[in-house]
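None of the values given here were measured: they were computed from a predicted structure.
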Amino acid sequence: MASESRATIVAIANQKGGVGKSTTAINLGAGLSLQGEKVLIVDLDPQGNTSSGLGVDRSRIEVSTYEVLINEVPIDDAIEATSVRDLYVVPATIELAGAEIELVSVFSREKRLAGALQPVLDVYDFVLVDCPPSLGLLTINGLAAADEVTIPIQCEYYALEGVSQLMRNIHLVQQGLNPQLEVEGIILTMYDGRTTLSADVVGQVREHFGETTYKTVIPRTVRLSEAPSYGEPIEAFDPMSRGAIAYRELAREFRRRHGRT
């Protein structure tokens, strides 16, 4: 965990797509900010789902994560306010897809994000890095910059598929780039209480990861999937919905784990 005087950087990562990474980045970030934390979300995914889900018009973005990583534009120039008080985002555009290739020949290529974040770490309480669903240089930048990794796992078939590979890569990053990196937590997402499969997956994950797994489970709901198209976190879109209640509780649990009550 980071010192009290600077932001704790949390990479939200899973090499599988569609597990709720962007949904978790948006709604955990919003939940934390509404509970008194100042939060910056860094969108490292070229799909930019987190950016659009926070109401950023991607056609009007002038400075994005791409310029920060490739052209070393100060991150302050890329930070945008969201509709939620004390929640900010560094948006991504499709240009970021080319960054994987362009970074290959760049000096200290794995540490570009870590370096870019340094000037703003005393401004925020938490920085959440939404990593793409791959294990390329963008995700490695996220892991190299982070104090902790949080892994969303969906309550569906093959839930643990790919997680062992992610764990191996986290271990490699710990060995070579960021020895302080810790696996902070596992978040169970897309839980469907009508199926025994979801309950089975919860049992498997808790057995495998123990106390690292969050007690709060995020349900699969229509409202959670609708909210991004309105550019709003679930807390703003439908604060009384099951998804909003779950992410509020997740934010409380997250804060307790970080000694903040």
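- The distance from atom CG of D86 to atom CD of E37, rounded to the nearest 0.5 Å, is 9.5 Å.
- When all heavy atoms are compared, the tightest approach of C131 to A11 is SG-CB, 4.1 Å.
- When all heavy atoms of A25 and L128 are compared, the closest pair comes out as O-CD1, 3.8 Å.
- Relative ring orientation between F126 and H258 is described as perpendicular, the plane-to-plane angle rising above 60° on a 0-90° scale split at 30° and 60°.
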The test is salt bridge (charged side-chain N to carboxylate O under 4.0 Å, His left out); show your working for D125 and K38 and say whether it passes.
CA-CA 5 Å; D125 297 303; K38 192 169 183 180; over 6 Å; no
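- Of the residues T24, T50, T23, N49, the one that meets the side chain to side chain donor-acceptor pair (under 3.5 Å) test with D130 is T50.
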Hey, mind stepping through I153 and V19 against side-chain contact (heavy atoms from CB on, under 4.5 Å) and telling me if it holds?
CA-CA 6 Å; I153 296 179; V19 301; over 6 Å; no
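- Residues forming a side chain to side chain contact (heavy atoms under 4.5 Å, CB included) with E67 (at least two apart in sequence, or on another chain): V63, S64, N71, V73, E95.
- Considering all non-hydrogen atoms of both residues, R109 and N141 come closest at O-ND2, 2.9 Å.
- Atom CD of E62 has 12 or fewer heavy atoms from other residues, nucleotides or ligands within 6.0 Å.
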Are V149 and L181 close enough, and set up right, to give a side-chain contact (heavy atoms from CB on, under 4.5 Å), and what steps lead you there?
CA-CA 7 Å; V149 192; L181 185 65; 3.6 Å; yes
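- With respect to V42, the side chain to side chain contact (heavy atoms under 4.5 Å, CB included) criterion is satisfied by exactly one of I12, L113, I79: L113.
- Separation of atoms CG (L224) and OG1 (T189) is listed at 10.0 Å; rounding is to 0.5 Å.
- Interatomic distance, T213 OG1 to E211 CD, rounded to the nearest 0.5 Å: 8.5 Å.
- The side chain to side chain contact (heavy atoms under 4.5 Å, CB included) search around P119 returns none, not counting sequence neighbours.
- A donor-acceptor pair shorter than 3.5 Å can be found between the side chains of T216 and E253.
- To the nearest 0.5 Å, atom CZ of residue F254 and atom CD1 of residue I187 are 8.0 Å apart.
- Listed by chain and number, the residues in a salt bridge (Lys or Arg N to Asp or Glu O under 4.0 Å) with D57 amount to none (sequence neighbours excluded).
- The heavy-atom pair separating G48 from D43 by the smallest distance is CA-OD2, 3.3 Å.
- Between the side chains of Y214 and E249, not a single donor N or O lies within less than 3.5 Å of an accepting N or O.
- Heavy-atom neighbours of R256 CZ from other residues, nucleotides or ligands within 6.0 Å: above the threshold of 12.
- Across all their heavy atoms, P233 and V84 have their closest contact at CG-CG2, 3.7 Å.
- Y66 and E102 are linked by a side-chain donor-acceptor pair at a separation below 3.5 angstrom, with hydrogens and angles left out of the test.
- Distance check, rounded to the nearest 0.5 Å: CZ of R257 to OG1 of T150 gives 8.0 Å.
- Residues F237 and I26 share a single hydrophobic cluster, defined by chaining ILVMFWY side chains whose heavy atoms lie under 4.5 Å apart.
- Closest non-hydrogen pair, K21 versus P133, comes out as NZ-CB, 3.7 Å.
- In the model, D147 has no side-chain atom that pairs as donor or acceptor with a side-chain atom of T8 under 3.5 Å.
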Salt bridge (charged side-chain N to carboxylate O under 4.0 Å, His left out) between R112 and E72, worked out
CA-CA 8 Å; R112 292 299 272 249; E72 296 187 285; 3.6 Å; yes
Walk me through it: do L54 and I41 pass the test side-chain contact (heavy atoms from CB on, under 4.5 Å)?
CA-CA 10 Å; L54 284 165; I41 299 178; 3.9 Å; yes
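- A distance of 9.0 Å separates CD in E110 from CG in L103, rounded to the nearest 0.5 Å.
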